[in-house]
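This report concerns only the one structure given below.
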Protein chains: 2
Amino acid sequence: MMKLDARRRILLRTVVEEHVRTAEPVGSEHAALRGRLRVSPATIRSALASMEELGLLTHPHTSAGRIPTDRGYRVYVDMLPKADPLSSSARQKIRRRLGDPAEEPGDVVNDAARMLAGMTGYASVVAAPGLQEQMFGSLHLVPLGEQRALAVIATDSGALQGHSIELPEGVAPDDLEHLSRAITHRLQGSRVGDLTHQRLEQVLGEACHHHRWLEEVKAWLWRNLAQGIRPQIRVAGARHLLAEPEFKSPDRATRLFEALEDESALVGMLAAVPDEGVWILIGEENPHEQLRACSLVMSAYRAGDRRGTIAILGPTRMRYRRAVTAVRFVAESLSEAMRSSA
Amino acid sequence: MMKLDARRRILLRTVVEEHVRTAEPVGSEHAALRGRLRVSPATIRSALASMEELGLLTHPHTSAGRIPTDRGYRVYVDMLPKADPLSSSARQKIRRRLGDPAEEPGDVVNDAARMLAGMTGYASVVAAPGLQEQMFGSLHLVPLGEQRALAVIATDSGALQGHSIELPEGVAPDDLEHLSRAITHRLQGSRVGDLTHQRLEQVLGEACHHHRWLEEVKAWLWRNLAQGIRPQIRVAGARHLLAEPEFKSPDRATRLFEALEDESALVGMLAAVPDEGVWILIGEENPHEQLRACSLVMSAYRAGDRRGTIAILGPTRMRYRRAVTAVRFVAESLSEAMRSSA
DNA sequence: GCTGGCACTCTGGGCGGAGGAGTGCCAGCC
DNA sequence: GGCTGGCACTCCTCCGCCCAGAGTGCCAGC
């Protein structure tokens, strides 16, 4: 733990907040004024210099003011008060919009993403609850014309995956019906993430050992269940980032947007978020190289027995307090909305 | 129809293609050289001046070369040869990637979007086939625990929409089963887009007149079917546009990205694309104000009896030939892939 | 430990001039 | 009539320059 005296703490906070506000380096005089420190700029300067030695601040060139380093932001963030109130009008707006029971689950995710982006002025990333942690509900094989069937997996919380599969000749609708029931019966209540290939083999074997076309159902089930269905991901408000001075150079912006289009990387990052609390990644701490100029403020939410994640992505020079408040509250509201509806 | 003599046609083509290549205004000498016209620059100048009077060209300031106007691009595009070959290696790659029968329909759409963007270096927009033009296949009401059911609509081509609905007390699984069958039986084969609210009322009335919870099923059916389910839309490669000089100013870029996040506007634009052929919107022709600096190259594709749309979005200073070739071929491949698999 | 003073450094903006690209027009030629 | 070379003109862009300003580090003194 970094130990800083009161003055240095105030200075760190002041430098961070002023830099975040103006995107400019903060000079000693300005910092003294803003921090309401009644000492001379020269004194401030020596304090700033010591914090620079600690690696919390830098300056871009000899005669410029100070800007925080990633470590500086980290210490600042860790100093932040845990709870921060949100205006009650904002709370209501969010609750109302997310709580609408007429909405599809997919729409809720979209809404949440758009709201987060709108509230903070940064980009947001929202991952819908994945199937992994859900309970298997039922499998339905529905005949579709000639030699085709629609296979639908439903989990007990209402998520669906569907696919049409080809059948060999001579499969009667009753066969399908029978197989559906058998599989449903045997898998019901298993956690989707727990299904192994063996288990599947076994279940299908028991259910019905004389159909060759089982192979196709099996392959498909396997792909859809155990192999980890990518959670649906939604990015919103990326455009806000273009307004930030750190992304005014086209190739920085390009790299950023490349990263945002790389869904699997995003999924990976979000998967690492702990179940409780707001998690923050600052600059260099970010595993994704393309996002080293960014910070992420993330939180998981719960939808029944499923888990989803939301995040805000902005420059390291980010309004962390606001972001944390927004993320925390939206995550809570989302959990609530998911509990009451689907 | 704009009538241009051979020289002017060559000049228009040269100016457009050179400007597209370099993003710079094209001078008379350069144009003469590139167009292999064996006349002096002075002659070229007078021809260029006349085309400026026709509104096909402008120059940004007195001593600069010519750049095409939107009308200039339009005439250029209309002069383009209809068919343009695509290298056979590229064809194969596309076919292989889209044709993989193991893929989910949603993935095919994603792949198509990514490929279009990659091939052209612009952004792509792909709309998955909507339900409107599909045939109703079946409705399944699946009991989910206590007072909850999962309602799944399937069309005959395998598309799904699912939602969980709340049930009043006293609904037995058999009721659900019965209702599912009744509704399926009555609606099967209807075009989804043709279902009216009345028709729905009537069918539900016939199917079962004593359940109050029908209201909920009905509302949901109506929302999902007749009210036009927004087709799933996918934008890819938006980052490429950041590299284009016309979007290097952050606020232009911002406006562009705003437009790209406005899904309903995109859906609207794509809906207007005719069933056959490649459709092009250039700059001012674009109904969407935010996209006046862009051109769109679009084509519909068929997936059984459904219709989807693909588009490339780039600056007006766009490689139209390449874009047209890519869009045409991907649309064809997509139609093929959809025919053979789902 | 704090302060004012001072020399130093580096950036960013404004200015002016040179260079160059390209135009329009015109008189002459085929 | 269409094409040409010549010419004057316009306007942008780049470059070097300088200066003001902001902010620093250090030091001697309280």
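Since the model is a prediction, treat every value here as computed from it, not as a measurement. First the proteins, then the strands, lettered A, B, ... as listed; each starts at 1.
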Indicate whether any N or O donor in one side chain lies under 3.5 Å from an N or O acceptor in the other, for [X] and [Y].
X: B/E18; Y: B/H30; result: yes
X: B/S295; Y: B/Y73; result: no
X: A/R45; Y: A/S28; result: yes

Could you give the [atom1]-to-[atom2] distance, from [X] to [N], as a whole number of Å?
X: A/R66; N: C/dC10; atom1: CZ; atom2: P; answer: 15 Å
X: A/M51; N: D/dG25; atom1: CE; atom2: P; answer: 14 Å
X: B/E29; N: C/dA21; atom1: CD; atom2: P; answer: 10 Å
X: B/H59; N: C/dG24; atom1: NE2; atom2: P; answer: 6 Å
X: A/R38; N: C/dC2; atom1: CZ; atom2: C1'; answer: 16 Å
X: B/L57; N: C/dG22; atom1: CG; atom2: P; answer: 15 Å
X: A/H19; N: D/dG23; atom1: NE2; atom2: C1'; answer: 16 Å
X: A/H30; N: D/dA22; atom1: NE2; atom2: P; answer: 13 Å

Under 3.5 Å: donor-acceptor pair, side chain of A/D70, backbone of A/E284:
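Yes, the answer is positive, given that a donor and an acceptor are paired below the 3.5 Å cut-off.
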Report the base-pairing partner of D/dT13 (Watson-Crick or G-U wobble, both distances below 3.5 angstrom), or none.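 Base partner found: C/dA18.
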(Q) Taking pairing as Watson-Crick or G-U wobble with both contacts under 3.5 Å, can you name the mate of D/dC27, or confirm there isn't one? (A)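 Across any shown strand, D/dC27 pairs with C/dG4.
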Within the pair [X] and [N], is there a side-chain N or O less than 4.0 Å away from OP1 or OP2?
X: B/R7; N: D/dC3; answer: yes
X: A/S40; N: C/dT3; answer: yes
X: B/T43; N: D/dT4; answer: yes
X: B/R45; N: C/dC26; answer: no

On DNA chain D, nearest-nucleotide positions of A/S28 versus B/T62: which is more 5'?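 Comparing both residues, the 5'-ward one is B/T62.
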Is the shortest side-chain N to carboxylate O distance from A/E263 to B/R234 below 4.0 Å?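 Looking at A/E263 and B/R234, the cut-off is met.
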So A/A42, base contact, sugar-phosphate only, or nothing? Heavy-atom distance under 4.0 Å.
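The answer is base, as A/A42 lies within the cut-off (heavy atoms under 4.0 Å) of a base atom.
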Has the side chain of B/S63 got a donor or acceptor that lies under 3.5 Å from a partner of the other kind on the base of C/dT23?
->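 Between C/dT23 and B/S63, which were checked side chain against base, a qualifying N/O pair under 3.5 Å is absent.
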